[in-house]
Engineer: 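I'd like to ask some things about the structure below.
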Amino acid sequence: MVEIVIGVLIGIVVGGIVAFFVATNKNSARVLDAERKVQMANEEAARITAEAQSAAETARKSAMLEAKEEILKQRQENEAEEKRRKGELERMENRIMQREESLDKRNEVLDKREGQLSSMQSSLDKRRNEVDKLYASQEAELERISALTKEDAHKEILDRVREETVRDEAQILRESEQRVRAQADKTAREIVSTAIQRCAADQAGEITVTSVHIPSDDLKGRIIGREGRNIRTFEQVTGVTLVIDDTPETVILSSFSPVRRETARVTLENLIADGRIHPARIEEMYKKAEKLVNERIQEAGEQASFDAGIHDLHPELIKTLGSLRYRTSFGQNVLQHSVQVSALCGTMASELGLDCAPAKRAGLLHDLGKAIDHEVEGPHAIIGADLARRYGERPAIVHAIEAHHADVEPDTVLDVLVQAADAISAARPGARRESAEAYIKRLEKLEQISNAHDGVERTYAMQAGRELHVMVEPSKISDAQATVLAHDIANQIEDEMEYPGQVRVVVIRESRAIGIAK
């Protein structure tokens, strides 16, 4: 619009100038020239006006198009924000509903216990009323038939009533304790079963590879090298013993450090794939393999902490945790086992109404010492606790790590949760494997320990060594002695053997009377 106005003003000015020129000049030639100039000025003014109108129309259309695009973009952003907020509201509603269900369950348990206590109180009140009535009748009877004074009779009756009351009270307390213990056992079984059902982890873990396949036996000579220089260089650089024997197309890597063994395996496989095997190439390939394994360790530690929902671990703890990827225990991958224990601890803590975060953290870090137990002397629980303490973990987490194998006495709920979750993860069918030879030796050792006790007739190792049935001679072992015998055998197994999970000792005592009719 501004351009149109400018064009009109220019036309008016030009026309006025031309008109003044015509008016002030009398000469006809100059008049004709002026008329021609006026005509040209009018045409120029019309052209400028048309261009200005066209430019203004173009600017108006461009502005409208930009405004529409901005409105569409704003609408899309508003829709995305609304969708995100709806998702957050739905998640919050689900969490609130779960929390309400948990509170309802606890309220039901509390109501049941309150009802039991109320019934116990009413029973006690009833018993007291009966005692009071009995006391009154006895007092009257004694005053009537006895020559005792009132004070003496009062003392005698009180002593008698006190004895009966103490006996009844002990019986009521014993029954109450049994009911509470049964309820506690039932609740504990429900919590453990719920945790197991909600934690659907793989039953079988990975096994660390200690042998390397080679395309042909001809490569064994190249791996050894002239006068053994290649194999010496390989062992010096990697710190791993390379065993080359008559096994076809296979070489063995031997080392106490699983990370070193994995680095050596990657180095050897890369050398075989490359085809150039000499000392300089071995050192070059080892550096690349070491960098690759360290990256895998870091990724594994970060992924494990992410899966457990823990995001503030010390970088050194993450690295140590990641090295458990190459550590196994009875064939069970320790890193997968740690993540599973973390999930089980969190689930059981939630069922008990406790904070899940410390439970998950302690479960994830409980086997931290297994990453360096080949370098540091001592039980892996103590080693892991010292490592966690060094990198700033809270005392409760450190104590739970330290106590998960009873190296120190557990004294908190968190300690017991980690112990239970560790046992559940290790005892699941297929979670841990062992060689056939070690398996047979373990069963034989179990039966040997049991048969060494007096009065034991036969012993059977059941359920893959997780249950021991002990048959005793009834003439030598009484029922009370059977209980003591089961306890002694269990303690001896704990002291003398190492095994996954737990072993249940069942002592069976039976008497048989046999008659023969002829």
Side-chain angles (χ1 to χ4, degrees), residues 199 201 205-206 208 256-262 293-346 349 356-410 412 414-426 431-432 498 500:
C199 181
E206 299 176 357
T208 302
F256 287 106
S257 172
V259 176
R260 262 194 239 152
R261 189 166 59 240
E262 176 66 14
V293 171
N294 287 335
E295 290 176 355
R296 290 177 179 175
I297 288 173
Q298 186 69 24
E299 291 174 1
E302 292 174 354
Q303 185 63 42
S305 61
F306 176 79
D307 293 341
I310 301 170
H311 308 293
D312 57 346
L313 284 177
H314 192 280
E316 287 299 324
L317 290 182
I318 292 178
K319 183 178 178 181
T320 306
L321 189 66
S323 63
L324 293 176
R325 172 182 179 179
Y326 303 109
R327 178 73 157 84
T328 59
S329 177
F330 294 97
Q332 185 179 31
N333 184 276
V334 178
L335 183 58
Q336 293 180 1
H337 165 69
S338 298
V339 174
Q340 185 178 2
V341 170
S342 175
L344 288 168
C345 283
C356 299
K360 288 184 176 181
R361 195 182 193 93
L364 183 66
L365 300 178
H366 80 286
D367 270 348
L368 201 64
K370 287 187 177 180
I372 56 174
D373 61 352
H374 58 281
E375 301 172 356
V376 182
E377 291 291 336
H380 73 271
I382 304 298
I383 297 171
D386 292 340
L387 191 64
R389 187 184 296 110
R390 188 187 313 161
Y391 291 113
E393 288 296 322
R394 296 192 300 275
I397 304 297
V398 173
H399 194 273
I401 297 172
E402 203 169 24
H404 81 274
H405 279 314
D407 294 294
V408 298
E409 192 67 23
T412 64
L414 184 60
D415 297 349
V416 178
L417 284 179
V418 175
Q419 277 188 336
D422 182 45
I424 291 170
S425 175
R432 293 191 170 186
E498 292 184 0

Engineer: Which value, rounded to the nearest 0.5 Å, describes the distance between D422 atom CG and D367 atom CG?
Structural biologist: 6.0 Å
Engineer: To the nearest 0.5 Å, tell me how far E409 CD sits from H399 NE2.
Structural biologist: 8.5 Å
Engineer: Between V339 and A304, what is the shortest heavy-atom contact and its length?
Structural biologist: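 The answer is CG2-CB, 3.9 Å.
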Engineer: Hey, are R325 and E262 close enough for a salt bridge, meaning a charged N less than 4.0 Å from a carboxylate O?
Structural biologist: no
Engineer: Distance from L365 atom CG to H404 atom NE2, nearest 0.5 Å?
Structural biologist: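 Result: 11.0 Å between the selected atoms.
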Engineer: Could you state the interatomic distance from OG (S342) to NE2 (H337), rounded to the nearest 0.5 Å?
Structural biologist: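 So the gap between those two atoms works out to 11.0 Å.
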Engineer: When you measure from the side chain of T320 to the backbone of E316, do you find a donor-acceptor pair of N or O atoms at a distance under 3.5 Å?
Structural biologist: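 Side chain of T320 to backbone of E316, a donor-acceptor pair under 3.5 Å: yes, one is there.
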Engineer: Evaluate the side chain to side chain contact (heavy atoms under 4.5 Å, CB included) criterion for residues I382 and D386: first the C-alpha distance (whole Å), next the side-chain angles of each, then the deciding distance (0.1 Å), finally the verdict.
Structural biologist: CA-CA 6 Å; I382 304 298; D386 292 340; 3.9 Å; yes
Engineer: Could you tell me which non-hydrogen atom of C356 sits nearest to which non-hydrogen atom of A349, and how far apart they are?
Structural biologist: CA-CB, 4.3 Å
Engineer: In chain order, what residues pass the side chain to side chain donor-acceptor pair (under 3.5 Å) check against N294, with sequence neighbours excluded?
Structural biologist: none
Engineer: Do H311 and F306 pass the side chain to side chain contact (heavy atoms under 4.5 Å, CB included) test, and can you show the C-alpha distance, the side-chain angles, and the key distance before you say yes or no?
Structural biologist: CA-CA 7 Å; H311 308 293; F306 176 79; 3.9 Å; yes
Engineer: I'd like to check I397 versus L414 (side-chain heavy atoms, cut-off strictly below 4.5 Å). Are they in contact?
Structural biologist: yes
Engineer: Please find the pair of heavy atoms, one from A388 and one from L317, that lie closest to each other, and give the distance.
Structural biologist: CA-CD2, 4.4 Å
Engineer: For the residue pair K360 and G346, what are the closest heavy atoms and their distance?
Structural biologist: CG-CA, 3.8 Å
Engineer: Are the aromatic rings of H366 and H380 close, with centres under 6.0 Å apart?
Structural biologist: no
Engineer: Are D312 and R361 within salt-bridge range, i.e. N to O under 4.0 Å?
Structural biologist: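 The answer is yes: the pair qualifies as a salt bridge.
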Engineer: So, do P379 and H405 sit near enough that their side-chain heavy atoms are less than 4.5 Å apart?
Structural biologist: no
Engineer: Using a distance-only test with no angle check, is there a side-chain donor-acceptor pair under 3.5 angstrom linking E302 and Q298?
Structural biologist: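 E302 vs Q298: donor-acceptor pair found between side chains.
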Engineer: I would like to know whether R389 and I401 meet side chain to side chain contact (heavy atoms under 4.5 Å, CB included); could you show each step before the answer?
Structural biologist: CA-CA 10 Å; R389 187 184 296 110; I401 297 172; over 6 Å; no
Engineer: Looking at CD1 of I372 and CG of L387, how far apart are the two atoms once the value is rounded to the nearest 0.5 Å?
Structural biologist: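 If I round to the nearest 0.5 Å, the distance is 5.0 Å.
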Engineer: Looking at S305 and L313, what are the two nearest heavy atoms and their distance?
Structural biologist: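 Nearest pair, atom of S305 first, then L313: CB-CD1, 4.0 Å.
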Engineer: Are side-chain heavy atoms of Y326 and V293 found at a separation under 4.5 Å?
Structural biologist: yes
Engineer: If the plane angle is over 60° it's perpendicular, under 30° parallel, otherwise tilted; pick one for Y391 and H314.
Structural biologist: tilted
Engineer: What are the two closest heavy atoms between L324 and A371, and how far apart are they?
Structural biologist: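 Closest pair (atom of L324, atom of A371, distance): CD2-N, 3.5 Å.
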Engineer: With side chain to side chain contact (heavy atoms under 4.5 Å, CB included) as the test, would you mind laying out the steps for I383 and K370 before giving the verdict?
Structural biologist: CA-CA 8 Å; I383 297 171; K370 287 187 177 180; over 6 Å; no
Engineer: Just verifying a value: how many Å separate Q340 CD and C345 SG, rounded to the nearest 0.5 Å?
Structural biologist: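 Output value for this atom pair is 11.0 Å.
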